S.K.: 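Structure below; questions to follow.
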Amino acid sequence: TVHQFICRTDNYGVLVHDSHTGTTLSIDAPDATAIADNLKKRGWQLTHILTTHHHADHVEGNLELKEVFGCRIIGPEAEKDRIPGISQTVKGGDVIQLAKRPLTIYACPGHTLGHVAYHFADDYLLFAADTLFAMGCGRVFEGTPEQMYHSVNQFRDLQAYTSVYCGHEYTVANARFALSVEPNNRALVARAAEVMRLRDQGKMTCPSTIADELKTNPYLRCDSPEIRRILGMEGASDVEVFAELRQRKNTFS
Ligand code: ZN
Ligand code: FE
């Protein structure tokens, strides 16, 4: 069971519970109070925090939650010195057992150099945090656009119906930008209208699916003739198109 809520301003809190083993995971710890309240609502005991990267809005609740629940904190080896309370490190390519299921770790350098994503392949769940957003991707702070291109595009081959959980509710802003570079993509036009309606009703727009992202996310569509025409980059490589898209998004409003 996955329980999702919004905390801070636009961070997603995500709790994952397995009733057979009693395992309860929090994907990152943006807000200890909000996470504890939501655990209580569900009657769940937190057993693990899966940290994706070191940014404050993803680790700020670590120590408080560890103190209250005695949970284990799993996070990327490359950022272990910046993740409070970390008890176990992982790196891209690792597969660990959690709740009697294989959990695959993906390296996602770009937003931060050590950013990882977590994939429960048996349950078709991807926790992509600030790497892959609905119709968007994270800002490239520490890595290169080329690294980010590979981090985002490595998910294209996951099962189409895999649920994609993101770190932030940025979907409307992402949809507006996506429309500006691919206005005639019908799937995108329809999805943009849908997410704007959801947000007007105060509802969450995530999780997404890999299938929807492949159809609507410009960062997974660097080969789209329309995007290339609008950017004036018909002869460029996919990585070059990606870099230009990400650059334009930084100043788009
Ligand atoms: Zn971040
Ligand atoms: Fe974040």
Side-chain angles (χ1 to χ4, degrees), residues 2-16 25-35 38 49-65 73-86 89-92 105-119 125-155 163-175 177 195 199 204-208 213 217 219 242 245-247 249-252:
V2 182
H3 173 72
Q4 184 184 245
F5 52 94
I6 291 176
C7 56
R8 301 177 76 108
T9 18
D10 50 40
N11 276 81
Y12 271 118
V14 181
L15 299 173
V16 187
L25 319 171
S26 177
I27 310 302
D28 287 324
D31 181 335
T33 307
I35 291 167
N38 279 275
I49 296 171
L50 302 185
T51 302
T52 61
H53 67 293
H54 69 77
H55 284 161
D57 62 312
H58 297 258
V59 302
E60 219 157 70
N62 278 15
L63 293 181
E64 200 178 324
L65 290 167
I73 300 178
I74 298 172
E77 169 72 27
E79 297 183 357
K80 63 173 186 239
D81 297 336
R82 303 175 76 174
I83 297 169
I86 192 164
T89 66
V90 290
K91 57 183 188 327
I105 320 301
Y106 283 88
C108 305
H111 180 70
T112 67
L113 282 173
H115 192 301
V116 294
Y118 295 96
H119 181 220
L125 296 173
L126 176 69
F127 301 102
D130 290 1
T131 294
L132 178 61
F133 291 129
M135 290 178 272
C137 76
R139 228 179 231 258
V140 182
F141 285 119
E142 296 179 8
T144 64
E146 179 158 12
Q147 284 178 314
M148 193 68 171
Y149 170 83
H150 292 292
S151 294
V152 169
N153 279 270
Q154 70 186 324
F155 300 122
S163 294
V164 181
Y165 287 85
C166 311
H168 295 267
E169 174 60 64
Y170 288 161
T171 312
V172 167
N174 287 338
F177 176 72
V195 299
R199 289 311 288 151
M204 297 179 281
T205 63
C206 291
S208 173
E213 292 313 309
N217 189 320
Y219 304 98
F242 179 93
L245 286 170
R246 191 51 261 189
Q247 183 60 40
K249 173 66 169 63
N250 290 345
T251 52
F252 179 80

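Quick caveat: nothing in here was measured; it's all calculated off a predicted structure. In listed order, ligands and their atoms are each counted from 1.
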S.K.: Can you name the one residue among E142, R139, H55 that meets side-chain hydrogen bond (donor to acceptor under 3.5 Å, both in side chains) with H111?
M.R.: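 Testing each of E142, R139, H55 against H111, the sole residue satisfying side-chain hydrogen bond (donor to acceptor under 3.5 Å, both in side chains) is H55.
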S.K.: So which heavy atom on G143 is nearest to which on L113, and how close?
M.R.: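 Here G143 and L113 meet closest at CA-CD2, 3.8 Å.
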S.K.: How about H168 and H58: are their ring centres within less than 6.0 Å of each other?
M.R.: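 Centroid separation for H168 and H58: below 6.0 Å.
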S.K.: To 10°, measure the NE2(H111)-the Zn ion (ligand 1)-OD2(D130) angle for me.
M.R.: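 If I round to 10°, I get 90°.
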S.K.: Suppose we only allow N, O or S atoms; which atom of H168 ends up nearest to the Fe ion (ligand 2)?
M.R.: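 This residue's closest N, O or S atom turns out to be NE2.
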S.K.: Suppose we only count N/O/S atoms under 2.8 Å; would H58 qualify as near the Fe ion (ligand 2)?
M.R.: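 Under 2.8 Å: H58 contacts the Fe ion (ligand 2) through an N, O or S atom.
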S.K.: Any donor-acceptor pair under 3.5 Å linking the side chain of N11 with the backbone of D57?
M.R.: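 Answer holds: yes.
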S.K.: Taking the six-membered ring for Trp, are F5 and Y12 closer than 6.0 Å centroid to centroid?
M.R.: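 No; Y12 has its ring centre 6.0 Å or more from that of F5.
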S.K.: If you check every N/O/S atom of D57, which is the one nearest the Fe ion (ligand 2)?
M.R.: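 Closest N, O or S atom of D57 to the Fe ion (ligand 2): OD2.
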S.K.: Has H55 got an N/O/S atom less than 2.8 Å from the Zn ion (ligand 1)?
M.R.: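 Of the N, O and S atoms in H55, at least one lies under 2.8 Å from the Zn ion (ligand 1), which means yes.
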S.K.: Looking only at N, O or S atoms in D130, which is nearest to the Fe ion (ligand 2)?
M.R.: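 Nearest N/O/S atom of D130: OD2.
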